[in-house]
2 protein chains.
Amino acid sequence: MAQNDKNTEQRILDAAGEVFHSKGFDGARMQEIAQHAGINKGLLHYYFKTKDALFDAIFGIALNQIVSRINIILEQDLSLDEKIDLIVDQYMDLLLKNPMLPRFVLNELNKNADKFIARHFNQKVKSSFSKFPISVNEEVSKGAIRFIDAHQLFTDLISLVMFPFVGKPMLQTVFGTDNNEYKKLLEARKSHIKEFLKAAMRV
Amino acid sequence: MAQNDKNTEQRILDAAGEVFHSKGFDGARMQEIAQHAGINKGLLHYYFKTKDALFDAIFGIALNQIVSRINIILEQDLSLDEKIDLIVDQYMDLLLKNPMLPRFVLNELNKNADKFIARHFNQKVKSSFSKFPISVNEEVSKGAIRFIDAHQLFTDLISLVMFPFVGKPMLQTVFGTDNNEYKKLLEARKSHIKEFLKAAMRV
DNA sequence: GTCTATATCATGATAGAC
DNA sequence: GTCTATCATGATATAGAC
């Protein structure tokens with residue numbers, strides 16, 4: 001029983017992840033999730049009483065994938081350069097494996113910011129982020145980098161990493177590239193962003 | 001009649017814009033659009049036979065707002081620096097007035113890329129973009145900027161401009177800022193991005 | 001645990017009076 | 001053109017057999 005339970009529940013979570021990530025809460029259908037999981041609607045509701053409950057499970061996983069990484073990195077005792085490189089590398093790896101993650105999270109977060117922010121963006125995130133401006137300002141006063149506002153720099157960093165995934169359909173069309181070429185551009189971005197940021201920060 | 005027609009139709013378009021932009025196609029309700037416009041569902045369907053037809057009108061306007069600007073700028077005979085500055089200024093202005101535009105467009109574009117891309121991203125966009133890499137490569141060979149892949153640079157540019165709007169709920173929470181402070185950060189971004197890009201491109 | 005009905009409700013869309 | 005019903009569909013959720 002426990003064995004079967006786990007398998008079915010995991011299959012449901014996998015299926016729900018795929019469907020919610022690609023269609024969002026409003027566009028997702030319980031029927032489609034059931035199909036993907038190879039079960040029927042009745043059983044789906046047996047495991048997750050409501051669509052909302054199932055969604056919350058999926059969203060929690062997704063948000064955690066995004067938030068936990070940054071938490072861990074910012075908590076470590078590293079130089080600003082090292083922190084930036086780690087963030088770029090880890091997020092690019094994460095997003096190359098889950099390209100729909102940022103669009104899904106940002107979109108749902110936007111539709112219902114208060115609810116999810118209160119639940120998942122706890123004080124820990126804010127307090128570990130607060131160390132980033134300190135690092136930046138230290139480097140600025142040492143003269144190691146030119147003056148940059150820490151919030152703007154963090155925004156730049158996250159933008160450069162995440163947007164190419166969110167904006168794929170648009171950029172790909174403008175460039176006239178196919179999926180393969182675009183994927184190469186994304187893979188090349190890891191080193192590009194690191195160089196780009198370093199260059200932008202030089203005094 | 002023509003007078004009243006136009007007023008009602010315009011009120012519908014305004015209302016539909018608000019609702020579609022904030023909730024997306026799947027989350028939007030004809031009932032809510034009718035309410036916003038101060039009419040009832042029957043009349044709404046009289047002006048736009050189906051939800052799809054109404055959505056197409058709204059999406060076309062939105063996509064055009066984004067695409068037309070870049071088209072015009074890239075067609076002009078300007079230096080790379082001037083082009084970049086113009087794109088940053090014009091898009092930041094556009095998005096500060098319509099903060100939900102990029103998320104709306106990118107999201108819907110993603111759910112149904114083929115359909116909309118074929119209809120709206122015509123050959124004109126691609127051909128006017130093709131001039132961007134030429135400008136970049138010229139500057140590189142002149143030694144005016146360091147070597148940068150043109151596609152990456154364009155991706156950087158659009159990312160830096162658009163992402164802060166798409167990612168507002170996340171960044172705002174991480175920063176712990178209220179709406180007013182975040183708006184100031186966005187307004188300050190115009191000059192920040194221009195400086196940042198210049199610095200990153202320096203040899 | 002898993003399936004097959006079925007209840008319930010919301011939504012897009014239409015018909016028809018004014 | 002505008003409104004008030006009303007229809008038809010499809011989706012979530014539940015009940016109950018196995």
Side-chain angles (χ1 to χ4, degrees), chain A residues 1-62 104 107-108 111-112 115-116 119, chain B residues 1-62 104 107-108 111-112 115-116 119:
Chain A
M1 175 190 122
Q3 179 68 15
N4 258 332
D5 263 10
K6 199 161 194 180
N7 285 335
T8 303
E9 184 171 346
Q10 193 54 51
R11 281 222 312 283
I12 290 175
L13 288 173
D14 292 346
E18 277 185 50
V19 176
F20 278 133
H21 283 214
S22 71
K23 309 204 167 175
F25 178 84
D26 294 321
R29 296 288 164 253
M30 294 297 268
Q31 170 62 31
E32 192 182 353
I33 294 172
Q35 267 170 231
H36 265 247
I39 59 173
N40 56 39
K41 282 192 291 178
L43 190 55
L44 183 54
H45 280 281
Y46 172 79
Y47 277 88
F48 294 88
K49 204 135 189 52
T50 66
K51 186 183 179 184
D52 275 277
L54 179 53
F55 178 80
D56 281 355
I58 297 301
F59 190 76
I61 295 169
F104 169 64
N107 218 42
E108 301 297 337
K111 282 194 297 200
N112 217 332
K115 182 180 160 198
F116 297 124
R119 192 179 309 168
Chain B
M1 176 190 121
Q3 181 64 14
N4 258 330
D5 261 11
K6 199 161 195 180
N7 284 337
T8 303
E9 183 170 347
Q10 194 53 50
R11 281 222 312 284
I12 291 175
L13 288 173
D14 292 346
E18 276 185 52
V19 176
F20 277 133
H21 283 215
S22 71
K23 309 205 166 175
F25 178 84
D26 294 321
R29 296 287 165 255
M30 294 297 269
Q31 169 63 32
E32 192 182 351
I33 293 172
Q35 266 170 232
H36 265 247
I39 58 173
N40 55 38
K41 280 196 293 178
L43 191 55
L44 183 54
H45 279 282
Y46 171 79
Y47 277 89
F48 293 88
K49 204 136 190 50
T50 66
K51 186 183 180 184
D52 274 278
L54 179 53
F55 178 81
D56 280 357
I58 298 300
F59 190 76
I61 294 168
F104 169 64
N107 218 40
E108 301 297 337
K111 283 194 297 199
N112 216 332
K115 182 179 159 197
F116 297 125
R119 192 179 308 167

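Order of the sequence lines fixes the chain letters, A, B, ..., with proteins taken first and strands second; residue numbering starts at 1 for each chain. Just so we're clear, the structure is a prediction, and the values are computed from it rather than from any experiment.
Among pairs with a residue in residues 28-49 of chain B, those fulfilling salt bridge (charged side-chain N to carboxylate O under 4.0 Å, His left out) read B:Lys23-B:Glu32, at least two apart in sequence or across chains. For residues 24-45 of chain A, the ring-ring contact (aromatic ring centres under 6.0 Å, His included) pairs, not counting sequence neighbours, are A:Phe25-A:Phe55.
Every residue meeting the side-chain contact (heavy atoms from CB on, under 4.5 Å) condition with B:Asn40, not counting sequence neighbours, appears here in chain and number order: B:Leu43. Every residue meeting the side chain to side chain donor-acceptor pair (under 3.5 Å) condition with B:Asp14, not counting sequence neighbours, appears here in chain and number order: B:Gln10.
Not a single donor-acceptor pair under 3.5 Å links the side chain of A:Lys111 to the backbone N or O of B:Gly24.
The rotation axes computed at either terminus of the helix from C:dG1-D:dC18 to C:dC18-D:dG1 lie 10° apart, taking five pairs at each end and rounding to 10 degrees.
As rounded to whole Å, 14 Å separates atom P of D:dA11 from atom CG of A:Leu44. When the C1' atom of D:dA13 is taken as reference, atom CG of A:Leu54 falls 14 Å away, rounded to whole Å. Distance CD1 (A:Ile39) to P (C:dC3): 7 Å, rounded to an integer number of Å. We find that CD of A:Gln35 is positioned 13 Å from P of C:dC3, with the value rounded to whole Å. Per the geometry, CG belonging to B:Asp26 stands 15 Å off C1' belonging to C:dA10, to the nearest Å.
Distances shorter than 4.0 Å separate some side-chain N or O of A:Asn40 from OP1 or OP2 on C:dT4. Contact annotation: A:Thr8 reaches the phosphate of C:dT2 (side-chain N/O to OP1 or OP2, under 4.0 Å).
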For this session: Between protein and nucleotides 11-18 of chain C, map the contacts as a letter string: B base, S sugar-phosphate only, - none, heavy atoms under 4.0 Å, written 5' to 3'.
Result: SBBB----

Problem set entry | B:Arg11 vs B:Ile39, side chain to side chain contact (heavy atoms under 4.5 Å, CB included): CA-CA, chis, key distance, verdict | CA-CA 9 Å; B:Arg11 281 222 312 284; B:Ile39 58 173; 3.9 Å; yes

For this session: Would you sort out whether A:Phe20 and A:Leu54 count as a side chain to side chain contact (heavy atoms under 4.5 Å, CB included), showing the intermediate values?
Result: CA-CA 10 Å; A:Phe20 278 133; A:Leu54 179 53; 4.0 Å; yes

Problem set entry | Verdict with reasoning, A:Ile58 to A:His21, per side chain to side chain contact (heavy atoms under 4.5 Å, CB included) | CA-CA 9 Å; A:Ile58 297 301; A:His21 283 214; 3.9 Å; yes

